[in-house]
Amino acid sequence: MSNVLFDPLFGRHADSNAPFLMPDGAATLSYGTFVSLSARLAQVFAGLGLIKGDRVALQVAKSPVALAVYAACLRSGLVLLPLNTAYTTSELSYFIGDADPGLVICDERQATAMADILNGAALHTLNADGSGSLTDAAAGMQGTHTVMDCAADDLAAILYTSGTTGRSKGAMLTHANLLSNAQALADLWQFNADDVLLHALPIFHTHGLFVAVNVLALSGAAMLFHTGFNVENLLRDLPCATVLMGVPTFYTRLLAKPGFNRDATSHMRLFVSGSAPLLADTHTQFEDRTGHRILERYGMTETNMNASNPCDGERRPGTVGFALPGTELRITDSDTGAELPQGQTGMIEVRGPNVFHGYWRMPEKTAAELRANGFFITGDLGQIDPDGYLMIVGRQKDLIISGGYNIYPKEIEVLLDALPGVAESAVFGVADADFGEATIGVVVPEPGCPLDPAALLAGITPHLARFKHPRRIVVVDDLPRNAMGKVQKNILRQTYAAPGEPPG
Ligand code: MLC
Ligand code: AMP
């Protein structure tokens, strides 16, 4: 009897008094307390009739109980579907309809709206302070919960990543995908039980949930668990931490604080950055200010982490380091799929135990991106330097990454195009000092239809999470196109690069 992921992450700590979660302003939870909470939640799930393979959708604020829902799903063989708290009802309606969960867990304030889109699922509430019907039900549970047998290929989670052609795709991640990646990272980044991770990322994405939590739990280490990123709180707690994991925005915001210096970071062992490109300039400034070289790594929802700069050895700015042990990287010609000689720029492809098992109920999309030989076509363009360091030089997929969140232009263009008087639109990202990229939309009116940017924005925002809202909409006469008629977003990015100066 064994459970591939739960046992090494949490099960083996069931009787441990060692600290696991140190929430901001609340009591510390030991590993043992956390595991026992997960058992009571698992009993609630079993009482609802949920069986192995059923999905549990979770759209709640970050809290210890929310994290325990993840552990409860693992021990029950249930599949967690974590959802960004910023999603609107119309976005949620798609995810719930597609993933077909047996249970949806949301904040009490969302319960009425959620009730309309449940698609037959049961509903429990869980609020930011840990209260709610789920906690009440778990408190009433007695006795023990037997951990479900789960094999390597059993699903642990489905994470939605938006599609470049419209519909979001649910990436199916197995127990072995997550365990192999956590093992590789814990080893490479030299985690041990004395580490304390300052956790300020959301727990509905790969970075904050799998990279941070799985690596920590596997190492038996502790987390200072912040409900979100707040630079003052981060600076306050940094002296108690040894490791920070963040998106580049964390590091640029820290550098904007004069008090962030060698003294404030002298005890730190490691700063990790990922989810978006870290500018070489940020890396250098960080080293000048603190003496630490940020360790940049590269990953994706579909693959977990693929490459990392070394812990020992040169961390090279502007690169994401080497393939993780057990993972293969290759660069191919994006038209023919042929492998390119070392040094040439092309599509980054990844193969290894970290690579997902396909998109939920989308065999055609899976076949289009996952080759029969196991290589996953990332959509990122890269080049491997003579010393073996991978550089990400661009993206073939039409994607904006803002503060580490992915925004798919197509999703916004479809909404803009559907508005009255709009002939066509193009959405793209321009450089932004805080978020890395900011979203801009340009819209062409139908003949004789004057358009008001504010009204256009008001027409689309109810359907989109706040982080996806274009920061500017500009009405133009036409879109730049190449000889094939394709919209040239590179030209639009150049034209609108300067903030606050809308041509057109
Ligand atoms: C918040 N806002 C954003 C935004 N985050 N807008 C665009 N992009 C974002 N990332 C909005 C807010 O709703 C707010 O709207 C306004 O911008 C200013 O908010 P803020 O208070 O400055 O933002 P904050 O809450 O501090 O959040 C910024 C952040 C957060 C960077 C801390 O976005 C974040 O935690 N990002 C991490 C995302 C992440 O975990 N990615 C990993 C994906 S996994 P208003 O209404 O006030 O104007 C992956 C694989 C891998 O990519 O390799 O890891
Ligand atoms: P997601 O779909 O949210 O998992 O985002 C994955 C994408 O984030 C990758 O395909 C890359 O484009 C990008 N990404 C992740 N880490 C890095 C990094 N260190 N540098 C550049 N891009 C990155």
Side-chain angles (χ1 to χ4, degrees), residues 55-63 65-67 69-70 73 79-99 101 103-111 113-114 117-118 121 125-128 157-164 166-173 199-213 225-230 245-247 249-250 274-276 299-302 304 359-360 399-412 415 429 435-439 460-471:
R55 276 79 54 210
V56 173
L58 181 70
Q59 195 209 21
V60 297
K62 185 177 171 185
S63 74
V65 186
L67 192 61
V69 168
Y70 166 53
C73 286
V79 182
L80 181 72
L81 179 75
L83 295 165
N84 193 322
T85 44
Y87 288 147
T88 61
T89 310
S90 73
E91 288 161 311
L92 290 171
S93 167
Y94 169 74
F95 297 126
I96 292 173
D98 191 58
L103 170 65
V104 174
I105 305 169
C106 70
D107 189 285
E108 206 162 84
R109 290 167 305 177
Q110 306 300 325
M114 200 66 95
I117 55 168
L118 279 179
T125 59
L126 176 60
N127 304 318
I158 296 178
L159 266 63
Y160 275 84
T161 81
S162 299
T164 40
R167 295 176 65 205
S168 289
K169 302 165 290 183
M172 298 189 288
L173 296 157
H199 192 302
L201 287 160
I203 54 169
F204 43 70
H205 277 312
T206 297
H207 197 164
L209 187 57
F210 303 139
V211 182
V213 174
F225 202 59
H226 286 196
T227 50
F229 177 85
N230 173 300
M245 292 183 190
V247 295
T249 303
F250 281 25
S275 310
M300 299 184 67
T301 300
E302 287 93 334
N304 298 284
Y359 295 112
W360 173 254
L399 165 69
I400 299 164
I401 303 184
S402 168
Y405 285 144
N406 288 2
I407 299 169
Y408 283 84
K410 187 77 191 169
E411 186 183 2
I412 304 168
L415 289 172
F435 287 135
E437 284 185 272
T439 305
I460 61 169
T461 52
H463 307 289
L464 290 172
R466 172 74 185 121
F467 69 88
K468 298 180 192 170
H469 295 183
R471 293 309 183 233

| task | Just do the side chain to side chain contact (heavy atoms under 4.5 Å, CB included) check on Leu209 and Leu201 with the steps written out, would you? | result | CA-CA 8 Å; Leu209 187 57; Leu201 287 160; over 6 Å; no
| request: Look at the rings of Tyr405 and Phe467 and say which category their plane angle falls in: under 30° parallel, 30 to 60° tilted, over 60° perpendicular. | output: tilted
| query | Between Tyr70 and Phe210, does a side chain to side chain contact (heavy atoms under 4.5 Å, CB included) hold up when you go through it step by step? | reply | CA-CA 10 Å; Tyr70 166 53; Phe210 303 139; 3.7 Å; yes
| query | Stepwise, does the side chain to side chain contact (heavy atoms under 4.5 Å, CB included) test hold for Thr161 with Asn406? | reply | CA-CA 8 Å; Thr161 81; Asn406 288 2; 5.9 Å; no
Rounded at 0.5 Å granularity, tell me how far [atom1] in [X] sits from [atom2] in [Y].
X      : Y      : atom1 : atom2 : result
Leu399 : Lys410 : CG    : NZ    : 14.5 Å
Thr439 : Leu464 : OG1   : CG    : 10.0 Å
Leu58  : Cys73  : CG    : SG    : 7.5 Å
Tyr87  : Tyr160 : OH    : OH    : 10.5 Å
Ser93  : Met114 : OG    : CE    : 10.0 Å
Asp98  : Ser168 : CG    : OG    : 8.5 Å

Closer than 3.5 angstrom, by distance alone: can the side chain of [X] be matched with the main-chain N or O of [Y] as a donor-acceptor pair?
X      : Y      : value
Lys62  : Gly228 : no
Gln59  : Asn84  : yes
Glu437 : Ile401 : yes
Arg471 : Ala438 : no

So which atom in [X] and which in [Y] form the shortest heavy-atom distance, rounded to 0.1 Å?
X      : Y      : value
Ala61  : Ala66  : O-CB, 3.8 Å
Pro82  : Ile203 : CB-O, 4.4 Å
Thr88  : Ala465 : CG2-N, 4.0 Å
His207 : Val211 : O-CB, 3.3 Å
Phe250 : Met245 : CE2-O, 3.7 Å
Gly403 : Thr249 : CA-OG1, 3.5 Å

| Is there side-chain contact between Val247 and Phe229, with heavy atoms separated by less than 4.5 Å? |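 SC-SC contact between Val247 and Phe229 ruled out.
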| task | List the steps and the verdict of side chain to side chain contact (heavy atoms under 4.5 Å, CB included) for Glu91 and Leu83. | result | CA-CA 10 Å; Glu91 288 161 311; Leu83 295 165; over 6 Å; no
| Identified side chain to side chain contact (heavy atoms under 4.5 Å, CB included) counterpart of Leu80 within the set Ile158, Leu173, Val69, Leu159 | Val69
